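The next block holds one structure in the form of structure tokens; read it before the comments.
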Amino acid sequence: MNYWLIKSEPEMCSYADLEKSPKKTTYWDGVRNYQARNTLRDLMKKGDRCFFYHSNAEPSGIAGICEVVKEGYPDWTAFEKGHEHFDEKSDPDNPTWFMVDVKAVRPMPRLITLAELKSVKGLEKMVLLQKGSRLSVQPVTAKEWAIVCKHAGVAP
DNA sequence: GCCAACGTTGGC
DNA sequence: GCCAACGTTGGC
């Protein structure tokens, strides 16, 4: 199993919003970055776990854990004229952008803030904590996953 | 709201 | 292919 961290602005879609979605599931649309696209399209597999991270938030941090329930498929919001994520350069016959479906698994007992993560031993190399890191879909190692879960007091 | 860091675009 | 200009992300 692989582990990931996905960022969402809670104003747009918070972890609580995901839990309130039908079947606690939503499609992860709107990623318009090639590196993140490759991860969505090629690497994220059914059953993989993701930290659900609140970015641009007060405070920012990991709010919960979710699971990939549908592997990479074309992000159709890129084809919808007028849609917030419309991209005229993405051809339905050869889509540029992809998305996955994720389902809420469990909330963190409390928000694990970015400031807090920075002080946890063993997370120094975590992509999230690297200077200038802006990737909205990023890998988490099994070790990092275990450390964060232990720190948060949830089952890995 | 500020601004540093990064990604993309486009002229050459 | 280089690189300046621009747009976006996201912490603070």
Side-chain angles (χ1 to χ4, degrees), chain A residues 2-21 26-44 48-68 72-102 104-141 143-145 147-154:
Chain A
N2 299 308
Y3 301 99
W4 312 98
L5 180 146
I6 59 180
K7 293 181 185 174
S8 178
E9 304 198 6
E11 300 279 307
M12 300 290 298
C13 178
S14 68
Y15 183 78
D17 293 333
L18 176 63
E19 288 216 316
K20 279 181 261 169
S21 302
T26 193
Y27 50 87
W28 204 255
D29 68 313
V31 172
R32 298 291 179 265
N33 166 283
Y34 286 101
Q35 198 176 341
R37 185 281 307 272
N38 292 345
T39 302
L40 289 169
R41 186 189 58 190
D42 306 329
L43 302 177
M44 292 176 91
D48 285 357
R49 293 292 169 103
C50 316
F51 287 134
F52 191 109
Y53 180 84
H54 286 174
S55 64
N56 254 318
E58 209 43 63
S60 297
I62 297 173
I65 292 175
C66 57
E67 177 180 348
V68 178
Y73 62 104
D75 181 343
W76 50 264
T77 66
F79 311 139
E80 304 254 307
K81 225 175 193 153
H83 193 285
E84 188 184 357
H85 298 137
F86 174 66
D87 178 5
E88 59 177 1
K89 283 177 284 184
S90 187
D91 175 2
D93 293 328
N94 184 20
T96 310
W97 307 115
F98 285 74
M99 59 185 177
V100 299
D101 286 358
V102 293
V105 173
R106 73 171 72 84
M108 289 302 187
R110 59 190 174 79
L111 187 81
I112 310 302
T113 67
L114 177 62
E116 196 178 337
L117 289 168
K118 283 177 179 168
S119 68
V120 177
K121 274 247 158 63
L123 299 181
E124 295 81 5
K125 299 239 175 93
M126 200 172 171
V127 176
L128 180 73
L129 304 184
Q130 302 313 301
K131 194 178 176 187
S133 170
R134 302 189 330 194
L135 259 186
S136 58
V137 177
Q138 52 179 257
V140 173
T141 68
K143 215 175 233 177
E144 288 160 355
W145 184 271
I147 290 172
V148 172
C149 287
K150 188 176 175 201
H151 179 81
V154 299

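As the structure is a prediction and not an experimental result, all values here were calculated from the model. Quick note on labels: first sequence line is chain A, next is B, and so on, each numbered from 1.
For A:Gln130 and B:dA4, the CD to C1' distance is 16 Å, given to the nearest whole Å. A:Arg134 has its CZ atom 6 Å from the C1' atom of C:dT8, to the nearest Å. If you take CD of A:Gln138 and P of B:dC6, they are 14 Å apart, rounded to a whole angstrom. In this structure, A:Leu128 atom CG and C:dG10 atom C1' are separated by 11 Å, rounded to whole Å. If you take CG of A:Leu135 and C1' of C:dT8, they are 13 Å apart, rounded to a whole angstrom. At whole-Å resolution of the value, CG in A:Leu129 and C1' in C:dC12 are 16 Å apart. Rounded to an integer number of Å, the gap from CG of A:Leu114 to P of C:dG11 is 6 Å. In this structure, A:Lys131 atom NZ and B:dC3 atom P are separated by 16 Å, rounded to whole Å.
Phosphate proximity of C:dT9 to A:Lys7: absent, as no side-chain N or O sits under 4.0 Å from OP1 or OP2. Look at A:Tyr53 and you'll find a side-chain N or O under 4.0 angstrom from OP1 or OP2 of C:dG11.
Taking the side chain as every heavy atom from C-beta outward, A:Leu43 and A:Asn2 never approach each other to under 4.5 Å.
Which of B:dT9, B:dA5, C:dG11 sits closest to the side chain of A:Lys89 comes down to B:dT9. Closest to the A:Asn56 side chain, of the nucleotides B:dT9, C:dG11, C:dT8, is C:dG11.
The six-membered or imidazole ring of A:Trp4 lies away from that of A:Phe52, with a centre-to-centre distance of 6.0 Å or more. Here A:Trp97 and A:Tyr73 keep their ring centres 6.0 angstrom or further from each other.
When atom types are taken as modelled, the side chain of A:Glu19 and the backbone of A:Tyr15 share no donor-acceptor pair closer than 3.5 angstrom.
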